[in-house]
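Okay, so here's the structure we're looking at.
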Number of protein chains: 4
Amino acid sequence: MARTIGSHGPTTLNAIHEAALQLIFEHGYEAMSLRDLAGRVGIRVGSLYNHIETKQDLLFGLLCSHMEALLAALDEAMAAVEAKGAKARLHAFVRFHVSYHITRKREVFISTSELRSLDTPQYDIIVRMRRRYEDHLIAILQQGVGEGDFSIQDQDIPAAAYNLLGLLTSSLTWFHPGGRMSVEDLIALDTRMVLGAVA
Amino acid sequence: MARTIGSHGPTTLNAIHEAALQLIFEHGYEAMSLRDLAGRVGIRVGSLYNHIETKQDLLFGLLCSHMEALLAALDEAMAAVEAKGAKARLHAFVRFHVSYHITRKREVFISTSELRSLDTPQYDIIVRMRRRYEDHLIAILQQGVGEGDFSIQDQDIPAAAYNLLGLLTSSLTWFHPGGRMSVEDLIALDTRMVLGAVA
Amino acid sequence: MARTIGSHGPTTLNAIHEAALQLIFEHGYEAMSLRDLAGRVGIRVGSLYNHIETKQDLLFGLLCSHMEALLAALDEAMAAVEAKGAKARLHAFVRFHVSYHITRKREVFISTSELRSLDTPQYDIIVRMRRRYEDHLIAILQQGVGEGDFSIQDQDIPAAAYNLLGLLTSSLTWFHPGGRMSVEDLIALDTRMVLGAVA
Amino acid sequence: MARTIGSHGPTTLNAIHEAALQLIFEHGYEAMSLRDLAGRVGIRVGSLYNHIETKQDLLFGLLCSHMEALLAALDEAMAAVEAKGAKARLHAFVRFHVSYHITRKREVFISTSELRSLDTPQYDIIVRMRRRYEDHLIAILQQGVGEGDFSIQDQDIPAAAYNLLGLLTSSLTWFHPGGRMSVEDLIALDTRMVLGAVA
DNA sequence: TATGAATGAGTGTTCATTCAT
DNA sequence: TATGAATGAACACTCATTCAT
């Protein structure tokens, strides 16, 4: 029996991506075996290779498409406040960062913890995309410093931006939706802390 | 005479720990093979088992001794400011956190990224130790809120503490000693941002 | 009208045979994957099976059609000297063997080195065809011995024939067309050596 | 149970070599699976890697040690006739070639048919060794031509040498010890043909 | 006739671990 | 305490082959 009825190409690839995301999040890239992955998708291990090049390529595809979607969503979200002051833009950035990532905790996690499993050409590509994201926040801080709203020394601006991203990303780790705190509460807390940190 | 001359037991174990720290930091626990580890130590793989129980046990030992040393150092560092106000204690905490970890970046990294490679009983032990560390910061924030120095809502105090730890830990990631910024500069920046975030 | 315009069947099959010949010559039958083969032909691997039965069948087809063509060409070439003396016929055989095979080095190579990859019924068929070729030379030697032109002991005649074929076939291996030596030079050398060996 | 009593390192390696020789001879290098090999040796497949680097390395080791032994034996066998005339030396060469190889048919076979399975650095090494062997015969022919015993054109000497090796090596293929023909008979026939071919 | 997706057996190789020496 | 050789399970990946479309 060659093909199960109802299994089509794109669907299968999507299922592979979804299952890989989950397994890598749970056990890590190295600890995820392609047998587990295939099993979760409902195909045999050899069939995976009709859809992916290699295991590493699968990881790269995951990270890459996450970063692409993230950057596109960022641009869209920030377009509305492009002409505004730094404070308003920082508000928008925090709101975007938290609300976008809160539904993508697995992607966030593997984007940071599994980068090292990529080899050089692909590693560099993802790092470069991440830098574009960071640069967005850096630009906001620079604007705010220029406008006198934020008090950071010029040479510390990138450092401060990384720190803020660390703060925000940590939120995504400990926050559990459905708990006492709503996402709006989280955004409020993070916004207050971020604005305070650069005040 | 506890140790016969020529017995390198503790020395070998130390070498194993140091090499494991480096290899896990570089490639991750799963990707570190005991052959690599033995090779770096200068013994054969079978000989490792004269010093360790299992691979997982080695990881646990690393994390455990790191956490024990961390907690002990924290207690010692904070003893001097125990009776002081929250601001002074937060100052001290930031200084301690940064200066202690800055020379232990590998331990910091694997403490967060390789926790998942531990199985339940050992996983829980490390998590509990980490919680003791976090609780120290939570207590400081509670004191500060009580004294009116910090403005966080009561129910957000743990969340704020985790955020601050995220901020501080992110510092350790991007900071490169020997660059434009000194450790004192880093502490100054982090202190300002942390105090601002809870002000 | 036997073939509809646009039907590339025979063309595709020819391309498969040519590509297989080249790949088996380069890497060996076992090392040639049907994916490589399909890729070189410009189709997908599944499509191969519209033209071949199995991989082994493909090999058999290659060897078989080579041997059939060889035997036919031999008969044709030797018809002209059928009635002549053994020396003339040996001359003609050497000339035929060298000139026919020199443009078919790949076929020669795989005919000897990949025979073992055939399973029994097909293996036997090829071996039988090869024997017919060898028998032709044996008959010439027998004639020559009978006529007193060649001095080989009767019971050694097949052995001598195999040796001569070894000598001739080795020529095809080291000879590189376009070098110092022309094909006529090669035939001359081989003829002299072969005739000398049986003199 | 870690080790079967009575299985020691060098013994195991020898067993691996012997079994590999047989299996490669029977099925070819590509078609020999390491599982088959291990099974024939009586160990598990993973254990092979305590003795070999890779499968290719095993093949190289086989070919290399065969060629080394061959060259050493050649030097020893030809030492006695070093100062003699070309005819005597050619006699000795034929005798050596046949008698040495006749007990090593498997090595002869894989030395020619599995060379292509080696990658470049190792391939070159074996080819270079083989050339040293061929050069020995070429030198004898040159001497004979110089002494007026052999009648080959100067520029054809290497070609003639390769042809003779082809003749001799073909003998090893079809000869079956224990048949009508003794090894001495074979040597006699080959000697007569070889000397005739260059006369 | 070509294709993409599937299969299951198989590949060489690495793994953590054991243990007699 | 160190070693070399063993184990068996696992690894990522490839194979020839099938077949609905």
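First the proteins, then the strands, lettered A, B, ... as listed; each starts at 1.
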To the nearest 0.5 Å, atom OG1 of A:T11 lies from atom NE2 of A:H51 at 10.0 Å
Identify, between B:G46 and A:V45, the residue whose nearest nucleotide on DNA chain E lies closer to the 5' end. A:V45
Kindly express the pairing pattern of DNA chain E in dot-bracket notation, using | wherever a base pairs with another strand and counting only Watson-Crick or G-U pairs under 3.5 Å. .||||||||||||||||||||
Between CG of B:L48 and C1' of E:dT17 the distance, given in whole Å, is 11 Å
Between C:I43 and D:E53, the residue closer to the 5' end of DNA chain E by nearest nucleotide is C:I43
For D:D57 and E:dG12, give me the distance from atom CG to atom P, rounded to whole Å. 15 Å
Between F:dA2 and B:H51, is there an OP1 or OP2 to side-chain N/O distance shorter than 4.0 Å? yes
Would you mind reading off the distance between B:N14 atom CG and F:dT1 atom P, rounded to a whole angstrom? 13 Å
Can you tell me the distance, in whole Å, between the CG atom of A:N50 and the P atom of F:dT18? 16 Å
If the cut-off is 4.0 Å, is D:R44 near the phosphate of F:dG8, judged by side-chain N/O to OP1 or OP2? yes
Any sub-3.5 Å donor-acceptor pair from C:Y29's side-chain atoms to C:Q56's backbone N or O? yes
Taking only side-chain nitrogens and oxygens of D:T12, does any of them come within less than 4.0 Å of OP1 or OP2 of F:dA6? yes
State whether the distance check finds a donor on one side and an acceptor on the other, under 3.5 Å, for side chain D:R35 versus base E:dG12. yes
Nearest-angstrom distance from the residue atom CD1 of A:I52 to C1' of F:dC13: 10 Å
Go through the steps to decide whether C:M67 and C:I125 satisfy the test side-chain contact (heavy atoms from CB on, under 4.5 Å), and finish with yes or no. CA-CA 10 Å; C:M67 288 307 296; C:I125 292 172; over 6 Å; no
Could you tell me if B:K105 sits above the aromatic ring of B:F25, with its cationic atom closer than 6.0 Å to the ring centre and no more than 45 degrees from the axis? no
Nearest-angstrom distance from the residue atom CG of A:L58 to C1' of F:dC13: 14 Å
Measure from NZ on A:K55 to P on F:dC11 and round the result to the nearest Å. 9 Å
Thinking salt bridges, do C:R116 and D:E30 make one under a 4.0 Å N-O criterion? no
Interatomic distance, B:L34 CG vs F:dT3 P [rounded to whole Å]: 15 Å
Can you tell me if the side-chain N/O atoms of C:S47 get under 4.0 Å from OP1 or OP2 in E:dT3? yes
As an exercise, state the distance from CG of B:L48 to CG of B:L34, rounded to the nearest 0.5 Å. 6.0 Å
Judged by each residue's nearest nucleotide on DNA chain F, which is more toward the 5′ side, C:T54 or B:G42? B:G42
Report yes or no: do D:E18 and D:Q22 form a side-chain donor-acceptor pair below 3.5 Å? no
For DNA chain E, which residues of residues 21-33 of chain D approach it to below 4.0 angstrom with any heavy atom? D:M32, D:S33
Quick one: does any side-chain atom of B:S65 pair with a main-chain N or O of B:G61 as donor and acceptor, under 3.5 Å? yes
Answer yes or no: is there a side-chain heavy-atom contact under 4.5 Å between D:L37 and D:K55? no
Report the nucleotide, chosen from E:dT14, F:dC13, F:dT17, that has the shortest atom-to-atom distance to any side-chain atom of D:Y49. E:dT14
Would you say that A:E107 contacts A:L63 through its side chain, given a criterion of any heavy-atom pair below 4.5 Å between the two side chains? no
